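Everything on this sheet refers to the single structure shown next.
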4 protein chains.
Amino acid sequence: MEFNNSQPIYLQIADLFCENILQKKWIEEGKIPSIRDIAVQLEVNPNTVLRTYNFLQDNDIIYNKRGIGYFVTTDGYLKTQTLKKDQFFNQNLPEFFKTIDMLEISIDDIMNFYTKFKQK
Amino acid sequence: MEFNNSQPIYLQIADLFCENILQKKWIEEGKIPSIRDIAVQLEVNPNTVLRTYNFLQDNDIIYNKRGIGYFVTTDGYLKTQTLKKDQFFNQNLPEFFKTIDMLEISIDDIMNFYTKFKQK
Amino acid sequence: MEFNNSQPIYLQIADLFCENILQKKWIEEGKIPSIRDIAVQLEVNPNTVLRTYNFLQDNDIIYNKRGIGYFVTTDGYLKTQTLKKDQFFNQNLPEFFKTIDMLEISIDDIMNFYTKFKQK
Amino acid sequence: MEFNNSQPIYLQIADLFCENILQKKWIEEGKIPSIRDIAVQLEVNPNTVLRTYNFLQDNDIIYNKRGIGYFVTTDGYLKTQTLKKDQFFNQNLPEFFKTIDMLEISIDDIMNFYTKFKQK
DNA sequence: GTGGTCTAGACCACC
DNA sequence: GTGGTCTAGACCACA
């Protein structure tokens, strides 16, 4: 898998995982793949995957059963949504509005762009 | 001045400068403050400011007269706008749409938030 | 059964067993439950229980009659006490004193806490 | 420096740092040594020290100024005390009491031991 | 100079 | 089999 350069790989992997949870590909209390499996699959170092797992564990999205593996927490879906929404409303959105103001872009422009985006 | 942690300081300063230009506080062919003044004012290492100036110079938004100082280029306003719009439409906006899809946020929610944002 | 995360599960089980012996629930030369029974009851992998049994066997607290099961040794009570006291006076207590010194906790605080603890 | 084997090295280093703060060797808002310096001094890998710093940063005991170094937070002393006290009262102390009950050790025994301990 | 990320690989404890 | 810790060393971005 290819990663872009603007964000650490381990966070890009975290984003992948969040998508999996939000799309219900990974269900709550379900086991997720082992660190090694993910490392092989994404062609990264196991340590990098471990960092992703630690990050998500710190956010109560996954947890560890010793010697067995990692599992999505009972309210993993909600926690994921909260994490992402927080990021979105507190960081992305304010920057977003500031930018469109500064550039004098109208909401209509955005809408048109969105329509095109959805068609793809 | 306080900076956030999600972006390099020198780019946050660049954003400040872009705003000044877009809001016509800094006019084309006008002299802008010296590196040292900015460094003192923003409580930042002069090296960091230098980086900002180099970055903007690379984008033809400012230029240097040796021994005299830095100036906004003749088409600085346009260049700034182009730079920002490029960033916005090619990076921010696609990510933005992807996120609202993933989080199932409706355009209406965004609109409400925008109204609130404008009132502040 | 729930286990905490600061100690291996097999040692936490060993602690349980020690309590049983010290409280005379398990008497010397008496048979103790099979690995399988314990594993089912505590919802733990049988290998983990085996480790507990091996650990206690190494400390001469229990022994095995092949094909029959595990038994508390003749001086199991004493051995258990010795094991625990060693741990306590050589490891726990010194750390304990160091910590209360560092945190400037008085012996009185401890005493109060102990009184509360006993009431529960 | 020598480390024992019962706890990860990076946590043992964290304990060292906590002591420094509690003993006011490191004062609030003061700069602490760089990762590399500590690594050389303690003869461990810089990555290990980084882990310690991350751990303490997560606990709001230290913070990072980019490109400059790590500093004790404004309320670093209090945060450290809280962290340690939490550990002590919620983990160590209950185990402690449980053990002395199980072993039928009297408070007087503890006291005698403590007197000896202080004389050293 | 500072810290942050990543790789490669070893070793260990635990289940 | 699982994850956790640690080392060694490279490379990069930032101040």
Side-chain angles (χ1 to χ4, degrees), chain A residues 3 5-13 31-39 42-55 57 62-71, chain B residues 3 5-14 35 39 42-52 54-55, chain C residues 3 5-14 35 39 42-52 54-55, chain D residues 3 5-13 31-39 42-55 57 62-71:
Chain A
F3 297 97
N5 218 351
S6 62
Q7 220 192 352
I9 292 179
Y10 81 94
L11 288 180
Q12 295 182 48
I13 298 177
K31 187 176 181 305
I32 67 178
S34 77
I35 290 185
R36 283 174 179 110
D37 285 352
I38 295 287
L42 300 184
E43 297 172 350
V44 294
N45 188 290
N47 278 325
T48 305
V49 182
L50 175 59
R51 275 184 94 153
T52 302
Y53 280 47
N54 280 336
F55 172 75
Q57 189 166 237
I62 63 177
Y63 68 97
N64 175 260
K65 284 187 196 169
R66 286 185 289 179
I68 301 178
Y70 279 92
F71 297 76
Chain B
F3 297 96
N5 236 341
S6 62
Q7 219 191 352
I9 292 177
Y10 83 94
L11 287 180
Q12 295 182 50
I13 298 176
I35 290 186
L42 300 184
E43 295 170 359
V44 155
N45 189 302
N47 280 324
T48 306
V49 183
L50 175 59
R51 245 181 130 136
T52 303
N54 283 336
F55 173 75
Chain C
F3 298 96
N5 234 340
S6 61
Q7 221 191 351
I9 292 176
Y10 82 96
L11 287 180
Q12 294 183 50
I13 298 176
I35 291 186
L42 300 184
E43 296 171 359
V44 155
N45 190 302
N47 280 323
T48 305
V49 183
L50 175 59
R51 245 180 131 137
T52 302
N54 283 334
F55 173 76
Chain D
F3 297 97
N5 219 350
S6 62
Q7 219 190 354
I9 292 178
Y10 81 95
L11 288 180
Q12 295 182 51
I13 298 176
K31 188 176 180 305
I32 67 178
S34 78
I35 290 184
R36 282 173 180 111
D37 285 353
I38 295 287
L42 300 183
E43 297 172 350
V44 294
N45 188 289
N47 280 323
T48 304
V49 182
L50 175 59
R51 273 184 96 154
T52 303
Y53 279 48
N54 281 334
F55 172 75
Q57 189 166 238
I62 62 177
Y63 68 96
N64 175 260
K65 284 187 196 167
R66 288 184 287 180
I68 300 178
Y70 279 91
F71 298 76

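These numbers were taken from a predicted model, which means no experiment stands behind them. Chain naming here is simple, since letters A, B, ... match the order of the sequence lines and numbering starts at 1 in each.
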Starting at CD of Glu43(A) and ending at C1' of dC6(E), how long is that distance when rounded to a whole Å? 15 Å
Distance, rounded to the nearest Å, where Ile38(A) contributes CD1 and dT2(F) contributes P: 12 Å
Under 3.5 Å for both donor-acceptor distances, Watson-Crick or wobble: does dC14(E) have a partner, and if so which one? dG1(F)
Between dC6(F), dC6(E), dT7(F), which one does the side chain of Ile9(D) approach most closely? dC6(F)
Atom-pair distance (CZ on Phe3(A); P on dT5(E)), nearest Å: 15 Å
What is the separation between atom CG on Asn47(C) and atom C1' on dC15(E), rounded to the nearest whole Å? 7 Å
Point-to-point distance, once rounded to the nearest 0.5 Å, from CG of Asn64(D) to CD of Gln57(D): 5.5 Å
Using whole Å, what does the distance between atom C1' of nucleotide dC14(F) and atom CD1 of Ile13(B) come to? 12 Å
Checking contacts here: which listed nucleotide (dC15(E), dT7(F), dT5(F)) is nearest the side-chain heavy atoms of Thr48(D)? dT7(F)
Check Leu50(A), Thr52(A), Ile32(A), Val49(A) against Ile38(A) for a side chain to side chain contact (heavy atoms under 4.5 Å, CB included) and give me the one that passes. Val49(A)
dC6(F) phosphate, OP1 or OP2, under 4.0 Å from Tyr10(D) side-chain N/O: no
In Å and rounded to the nearest 0.5 Å, what is the CD1 to NZ distance from Ile62(D) to Lys31(D)? 11.0 Å
Among dC14(F), dG4(F), dC15(E), the nucleotide that comes nearest once only the side chain of Tyr70(A) is considered: dG4(F)
Rounded to whole angstrom units, what separation is found between the CG atom of Asn45(A) and the P atom of dT5(E)? 15 Å
Rounding to a whole Å, what distance do you find between Arg36(A):CZ and dG1(F):P? 7 Å
Select from Pro8(A) and Arg66(A) the residue whose nearest nucleotide in DNA chain E is closer to the 5' end of that strand. Pro8(A)
Round to the nearest Å and state the distance from Tyr53(D) atom OH to dT2(E) atom C1'. 11 Å
Nearest to the side chain of Leu50(A), heavy atoms from C-beta on, is which of dT5(F), dC6(F), dC15(E)? dT5(F)
Shortest side-chain distance from Val44(A), nucleotide among dC15(E), dT7(E), dC14(F): dT7(E)
Does any N or O in the side chain of Thr48(C) come within less than 3.5 Å of the main-chain N or O of Tyr10(C), such that one atom is a donor and the other an acceptor? no
Taking the side chain of Arg51(C) as heavy atoms from C-beta outward, which of dT7(E), dA13(E), dG4(F) is closest to it? dA13(E)
Of Gln7(A) and Leu11(C), whose nearest nucleotide on DNA chain E comes first from the 5' end? Gln7(A)
Roughly how far, to the nearest 0.5 Å, is CZ of Arg51(A) from CZ of Phe55(A)? 11.0 Å
How do Ser34(A) and Asn5(A) order along DNA chain F: which one's closest nucleotide is nearer the 5' end? Ser34(A)
